[in-house]
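This report refers to the structure that appears directly beneath it.
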2 protein chains.
Amino acid sequence: MTNDCPPHDYLLDAQVGFLLRRATQRHLTIFAALIPGLTPTQFAALAKLCELGPTTQNALGRATAMDAATIKGVIDRLRDKGLIATTRDAEDRRRLFVEATPAGTEAFGAARTKALEISAETLAPLSAFEQATFLDLLTRLT
Amino acid sequence: MTNDCPPHDYLLDAQVGFLLRRATQRHLTIFAALIPGLTPTQFAALAKLCELGPTTQNALGRATAMDAATIKGVIDRLRDKGLIATTRDAEDRRRLFVEATPAGTEAFGAARTKALEISAETLAPLSAFEQATFLDLLTRLT
DNA sequence: CAAAATCCATTTGCATACGAACAAGTTCCG
DNA sequence: CGGAACTTGTTCGTATGCAAATGGATTTTG
């Protein structure tokens, strides 16, 4: 068969980029249902902050794979919610010191269990063995 | 050891949502390097339009997993680039008819090979067998 | 037929994301 | 010491992505 259009052997629905976007969308839906008050990005920053302890803004961004412009907005919104506090570092006056407030630590503690449920529900279509395989392969694509 | 903080058994770097975000970031970097003139979303809409043929705005959005608000912006930008054209449907005056222009069809034809390279490079860290496994599992998480 | 429900597109608001450019502070090195 | 190089945070512009509200058009249903 002749065809005057470009070949149709490119099927969007089979491309890894499209599938990643769809899987991310589904995960986002699950996340919003179980943790309504925080976005995945905000929770990631808060969780990493509780995991690492006090740090600086850009360092927290690097630890959570956010660039400087992105982490700034996340920090601003978490501060607006009263979950973190920022102070200028006296030793290096460029640095913005970031730490979790008591409310932030408590919020993380409360959301932590939900977050584990979110991960479980996201992976629920797969068997336990498949989940482990998937996470292993996905880790190697980062 | 006692611990006054929430348990540290939540490790951000092991959660599927975080890994999905990182993998998407890496894919985006590869995409931007090989197809500088289009975003993944714009290319997805253009590719699906060439795959399906002329359709309506919302239908194209559903076919590419974009909601009405998102597909509108994508359509606007593709039209600004001259790659697609829109017309009001005479039969159903709500509908916005969308079709690829000759320039759009040509742009898709030119980018199609690059897009396949992007998928290949994104999956490059995995063996051929692992790639097939990963795509199968990822498909089931959408 | 008329009301209700549905669908289509648009708009607004909010929240990521990244590139680029910038100012200010710090460190490195000649 | 002093300029170059780097780091840190900020701002701007562009582009998704979703929720919610709106207005207009069409279809379904009582």
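First the proteins, then the strands, lettered A, B, ... as listed; each starts at 1. Excluded from the calculations below are hydrogen atoms, water molecules and symmetry mates; all remaining heavy atoms, backbone and side chain alike, are included.
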**Request:** Rounded off to whole Å, could you give me the CD1-to-P distance for the B:Ile71 and D:dT16 pair?
**Result:** 9 Å

**Nearest-Å distance for atom pair CD/C1', residues B:Gln42 and D:dA15** = 8 Å

**Length of the line joining B:Arg93:CZ and D:dG23:C1', which is rounded to integer Å** = 13 Å

**Asked** Counting side-chain heavy atoms from CB outward, which of D:dT16, C:dC8, D:dT26 is closest to B:Arg62?
**Response** C:dC8

**Message:** Looking only at the side chain of A:Ala68 (C-beta and beyond, no hydrogens), which of the listed nucleotides D:dT10, D:dA19, C:dA17 gets closest?
**Reply:** D:dT10

**Request:** For A:Phe97 and for B:Gly73, locate the closest nucleotide of DNA chain D by heavy-atom distance; then report the residue assigned to the nucleotide nearer the 5' terminus.
**Result:** A:Phe97

**Item:** Whole-Å distance separating the NZ atom of B:Lys81 from the P atom of D:dT14
**Value:** 12 Å

**Item:** Under 4.0 angstrom between B:Gln25 side-chain N/O and C:dA17 OP1 or OP2
**Value:** no

**Message:** Is B:Thr41 close enough to D:dG17 that one of its side-chain N or O atoms is under 4.0 Å from OP1 or OP2 there?
**Reply:** yes

**Fill in**
All heavy atoms of A:Arg88 vs all of A:Arg93, minimum pair found to be NH1-O, 3.5 Å

**Message:** Without decimals, in angstroms, what is the distance between B:Phe18 CZ and C:dT16 P?
**Reply:** 14 Å

**Rounded interatomic separation in angstrom, taking CD1 from A:Ile75 and P from C:dA17** = 14 Å

**Request:** Check whether the side chains of B:Asp67 and B:Thr70 place a donor and an acceptor atom closer than 3.5 Å, and report yes or no.
**Result:** yes

**Message:** Mind checking if A:Asp92 touches a base, just sugar-phosphate, or nothing, with heavy atoms under 4.0 Å?
**Reply:** sugar-phosphate

**Asked** A:Thr39 or B:Arg95: which one's nearest nucleotide on DNA chain C is closer to the 5' end?
**Response** B:Arg95

**Request:** If the plane angle is over 60° it's perpendicular, under 30° parallel, otherwise tilted; pick one for B:Phe134 and A:Phe134.
**Result:** parallel

**Complete:** Of A:Leu52, A:Thr56, A:Leu49, the one forming a side chain to side chain contact (heavy atoms under 4.5 Å, CB included) with A:Val98 is A:Leu49

**Prompt:** In whole angstrom, what separates B:Asp89's CG from C:dA9's C1'?
**Reply:** 13 Å

**Request:** Choose from C:dA20, C:dC8, C:dT12 the nucleotide whose nearest atom is closest to any side-chain atom of B:Ala69.
**Result:** C:dT12

**Prompt:** Where the side chain of A:Asp67 is concerned, which of C:dG19, C:dG25, C:dT16 is the nearest nucleotide?
**Reply:** C:dG19

**Asked** Is a donor-acceptor pair below 3.5 Å formed from side chain B:Arg94 to base D:dT26, judging by atom type as modelled?
**Response** no

**Asked** Expressed in angstrom and rounded to an integer, what is the separation of A:Arg77 atom CZ from C:dA17 atom C1'?
**Response** 11 Å

**Asked** Hey, does A:Thr29 reach any base, or is it just sugar-phosphate, or nothing, if we go heavy atoms under 4.0 Å?
**Response** nothing

**Asked** Which one, C:dA17, C:dT10, D:dT10, comes nearest to the side chain of B:Arg21?
**Response** C:dA17

**Request:** Select from A:Met66 and B:Gln57 the residue whose nearest nucleotide in DNA chain C is closer to the 5' end of that strand.
**Result:** B:Gln57

**Request:** Taking A:Arg21 for its side chain and B:Ala65 for its backbone only, find out whether a donor-acceptor pair lies under 3.5 Å.
**Result:** yes

**Request:** First locate atom CG of B:Leu138, then atom CG of A:Leu126, and finally report the distance between them rounded to the nearest 0.5 Å.
**Result:** 9.5 Å

**Message:** Students often get this wrong, so: under 4.0 angstrom with heavy atoms, is A:Thr70 touching a base, only sugar-phosphate, or nothing?
**Reply:** base

